[in-house]
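Shown next, in structure tokens, is the structure this report addresses.
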Amino acid sequence: MSEMDWKQARETLLYSPKHGYDRISDGDRTELESYCAAYMDFLGKAKTEREAVIRAVAEAEAAGFRPYDPAQGVRPGDKRYRVNRGKSVTFFVAGQKPVQEGVRFAAAHIDSPRLDLKPRPLYEDQELALFKTHYYGGVKKYQWTALPLSLHGVLALTDGSVLRVSIGEDPGDPVFCVTDLLPHLSAEQMKKTLAEGVTGENLNVLVGSAPLPGDTGESKRIQLAVMMLLHRKYGVTEADFLSAELSLVPALPVREVGLDRSMIGAYGHDDRVCAYAGLKPLMEMAEPPVHTAVCILADKEEIGSMGVTGLQSQELDLLMEQLCGGTGLRQCYASSVCLSIDVAAAYDPTYGEVYERRNSAMLNYGVAVCKYTGARGKSGASDASGELVARFRRTFDRADVCWQLCELGKVDAGGGGTVAQFMANRNIDTLDAGVPVLSMHAPWEVVGKLDCYMTMKACRAFYGME
Ligand code: MN
Ligand code: MN
């Protein structure tokens, strides 16, 4: 064979993924920036699942979405949504074909790791007022100390009213923090493992240190001062914490990262980066899709998708049954396809030893497709069939989507899962895909802009998949 023949043989027969920036068109480069600017704006205002629902609904309503009314039915092209208890939401654009012939589900989650307040959070110790917290999701506890935190959530009162709380995002607001020990006195702490150095009961949040003028009482002066400030602002008493849902999240802004501004740093990319990627093409859909296109933004993924707002809830089944007009829900599921959009672990050269380089998601190589997740011997995995992966390869390649196939890390290094299994359990063909993330679950995570954009493009192509 000639030199050319060998070159051609090498290109035809061997496979190696290509860097996204070597592949994308000029048009995509421009659209990438405007898409990421919109995402950054969304993320900055969606720091909890409740805020993500409010923000997503506001954007969707501006794009013509209306609350779904089962009594009214839907016509092809109708844009509808349903909020589940303020914490999860499902958007859909009605297709030309009956839902019993299958729909296209894109399923992401909008909850992120954080510090929740305990039911009786407030206490005073040595004239400092603090909140006890209970962490939510998989966190490395030491990462949550010495970091500005903001307080978000609701106070649900016995009269039925619900007050929204958000303190610490406005530059004029105060913030909160978990203190850490000074190095000078850390001789014992430094001998502990990272898992033990800061414990769950160490994650106490500083909320006050001064008594109110005139209070010369003997005990709980600081605690009382904090409670009086809350009473003045919200009209609540300490007992109202019993029915509150308040969380502390990093009070950090969404920022471009790198001299080339090619990355985005923020709290909560996992999984709002995929949530937005799934919602955006639905909002921009101009023509009725062939199959009804559904975007699910679920809650509670970080703790197992349990409960009424997680994807194991029958709320989705109820919505789909109503869309089916009461008959054919199982047929609908059996002929549907789901793209479970959740973040992947981006290869980090600083910790290269836990990754298997050949099968890792690389930053800027596009949306990361995972045939399976799970741990050890694929335990807990939803393993997509080769046939399904082939359908997606065809769909993504036709739409010029930069994509890569990956695993989380080395086989014995650990593992993880997504909502995929809960969709697959409904007899829906499901594939995992999403944005590769550096520092996943840290208070500040990093993603590549190109990957964010390509995940949106993947969802756009998926909604139109044959
Ligand atoms: Mn996730
Ligand atoms: Mn996660």
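Just follow the structure's listing: the first ligand is 1, and inside any ligand the first atom is 1.
Within the 2.8 Å limit, C274 places no N, O or S atom next to the Mn ion (ligand 1). Within the coordination shell of the Mn ion (ligand 2), defined by N, O or S atoms under 2.8 Å, E302 is present.
Summary: NE2 is the N/O/S atom of H441 found nearest to the Mn ion (ligand 2). D270 has its closest N, O or S atom to the Mn ion (ligand 2) at the position named OD2. Looking at D342 and the Mn ion (ligand 1) together, the shortest N, O or S contact belongs to OD1.
Taken to the nearest 0.5 Å, the CZ atom of R164 stands 3.5 Å off from the CD1 atom of I54. We find the CD-CD distance between E302 and E49 to be 10.5 Å, quoted to the nearest 0.5 Å.
Applying the 6.0 Å contact sphere to NE2 of H19 captures more than 12 heavy atoms from other residues, nucleotides or ligands. Under a cut-off of 6.0 angstrom, the local environment of CZ in R66 is crowded, with over 12 non-hydrogen atoms contributed by other residues, nucleotides or ligands.
For the pair C274/Y276, no side-chain contact is recorded, criterion being any heavy-atom separation below 4.5 Å from C-beta on.
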